[in-house]
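The figures that follow rest on heavy atoms only: side chains count, while hydrogens, waters and symmetry mates do not.
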Amino acid sequence: MKYVILIHSNPQPWGHPTGNFVPEALARPQEERDAGGAAFDAMLGELSASGELKGGEALGDPASARLYRWAADGTVATDGPYAESKEHLAGFFLLDVASRERAEELASYFAGPGDTVELRPAYVWDE
């Protein structure tokens with residue numbers, strides 16, 4: 001079963017890891033932030049080794065985005081960010097796990113200070 005973990009955040013300035021740029025994370029002592037980063041890296045290594053982590057990417061600044069909308073007279077392109085929002089999509093991870101329960105367990109580990117994590121199943125196409 002494939003799931004996508006979507007990381008929503010709004011670091012100012014935009015950067016990764018987002019914890020280096022959001023007040024909620026910066027308020028924590030440096031040793032806690034370092035330990036959390038090391039634990040997260042170890043978890044990604046374990047998920048990669050088990051085959052459950054299929055990929056992921058951090059995304060660039062929403063201000064550098066370009067939005068394309070269909071229109072009857074042709075596609076209309078506008079500069080980003082595409083949404084007026086306090087949070088933007090900061091990155092994603094693709095999982096392939098045995099059950100929704102496993103996906104939910106893993107998603108809880110991706111939530112960091114200043115981030116909102118969304119777990120969404122990948123669409124299953126009819127054969």
Side-chain angles (χ1 to χ4, degrees):
M1 303 178 80
K2 290 186 178 173
Y3 286 86
V4 178
I5 293 176
L6 303 169
I7 311 295
H8 300 273
S9 191
N10 193 16
Q12 295 298 316
W14 191 265
H16 292 282
T18 56
N20 290 346
F21 301 92
V22 295
E24 298 87 342
L26 293 172
R28 298 172 62 211
Q30 184 64 50
E31 55 274 1
E32 281 184 27
R33 295 191 338 237
D34 291 344
F40 188 76
D41 289 344
M43 178 194 64
L44 290 179
E46 291 169 11
L47 293 177
S48 183
S50 74
E52 292 176 302
L53 179 63
K54 296 301 183 185
E57 288 290 332
L59 300 179
D61 190 336
S64 66
R66 190 101 165 125
L67 178 67
Y68 298 85
R69 291 190 190 271
W70 181 91
D73 57 348
T75 302
V76 177
T78 56
D79 290 333
Y82 69 91
E84 295 299 321
S85 176
K86 291 183 179 181
E87 294 180 331
H88 298 280
L89 184 61
F92 67 92
F93 295 91
L94 177 61
L95 304 176
D96 192 354
V97 295
S99 66
R100 179 172 182 90
E101 292 76 21
R102 177 64 175 157
E104 290 174 351
E105 174 190 351
L106 295 175
S108 69
Y109 297 121
F110 284 79
D115 294 339
T116 300
V117 172
E118 177 183 353
L119 176 66
R120 188 181 300 182
Y123 186 78
V124 177
W125 294 94
D126 292 332
E127 301 276 339

ask   = If you round to the nearest 0.5 Å, how far is CG of Asp79 from CZ of Arg66?
value = 4.5 Å

task = Taking all non-hydrogen atoms of both residues into account, name the closest pair between Val22 and Gly114 and its distance.
result = CG2-CA, 4.2 Å

task = Could you go through the side-chain contact (heavy atoms from CB on, under 4.5 Å) check for Glu101 and Glu105 one step at a time?
result = CA-CA 6 Å; Glu101 292 76 21; Glu105 174 190 351; over 6 Å; no

key: Interatomic spacing from CZ in Arg100 to OH in Tyr3 - rounded to 0.5 Å   = 5.0 Å

query = Hey, what do you get for OG (Ser50) to CG (Leu95), rounding to the nearest 0.5 Å?
reply = 9.0 Å

inquiry  = Strictly by salt bridge (Lys or Arg N to Asp or Glu O under 4.0 Å), give each pair with a member in residues 113-126 just once, sequence neighbours left out.
reply    = Glu118-Arg120

key: Polar side-chain atom of Asp96 near backbone of Met1 as donor-acceptor pair, under 3.5 Å   = yes

message = Looking at every non-hydrogen atom in both residues, tell me the closest pair between Ser48 and Leu53 and how far apart they are.
response = N-CB, 3.8 Å

inquiry  = Run the ring-ring contact (aromatic ring centres under 6.0 Å, His included) test against Phe93 and tell me which residues pass, sequence neighbours left out.
reply    = Phe110

note = Residues at least two apart in sequence or cross-chain that pass ring-ring contact (aromatic ring centres under 6.0 Å, His included) with Tyr123, listed by chain then number, are Trp125

ask   = Less than 4.5 Å apart, any side-chain heavy atom of Val117 and any of Leu6?
value = no

ask   = How close do Leu26 and Gly19 get, heavy atom to heavy atom, and via which atoms?
value = CD2-O, 3.9 Å

Sequence neighbours excluded - salt bridge (Lys or Arg N to Asp or Glu O under 4.0 Å) pairs with any residue from residues 10-19 = none

ask   = Considering all heavy atoms of both residues, which atom of Leu47 and which atom of Leu106 are nearest to each other, and what is their separation?
value = CD2-CD2, 3.7 Å

inquiry  = I'd like to know if the side chain of Trp14 and the backbone of Phe21 have a donor-acceptor N/O pair within less than 3.5 Å.
reply    = no

request  = Any salt bridge (Lys or Arg N to Asp or Glu O under 4.0 Å) involving residues 37-61? Give me the pairs, sequence neighbours left out, ordered by first then second residue.
outcome  = Glu52-Arg102

request  = Would you kindly confirm whether Val97 and Met43 end up in one hydrophobic cluster when ILVMFWY residues are joined by side chain heavy atoms under 4.5 Å apart?
outcome  = yes

query = Taking all atoms of both residues into account, what is the closest heavy-atom pair of Ala90 and Thr18, and its distance?
reply = CB-CG2, 4.1 Å

inquiry  = According to salt bridge (Lys or Arg N to Asp or Glu O under 4.0 Å), does anything in residues 15-33 pair up with another residue at least two apart or in another chain? List the pairs.
reply    = Arg28-Glu32

key: Least distance between heavy atoms, Thr116 atom then Glu87 atom   = OG1-OE2, 2.8 Å

inquiry  = Using the rule given for side-chain contact (heavy atoms from CB on, under 4.5 Å), can you reason through Leu89 versus Ile7, listing the C-alpha separation, both sets of side-chain angles and the distance that settles it, and then say yes or no?
reply    = CA-CA 6 Å; Leu89 184 61; Ile7 311 295; 5.7 Å; no

ILVMFWY cluster, Leu59 and Ile5 together (side-chain gap under 4.5 Å) = no

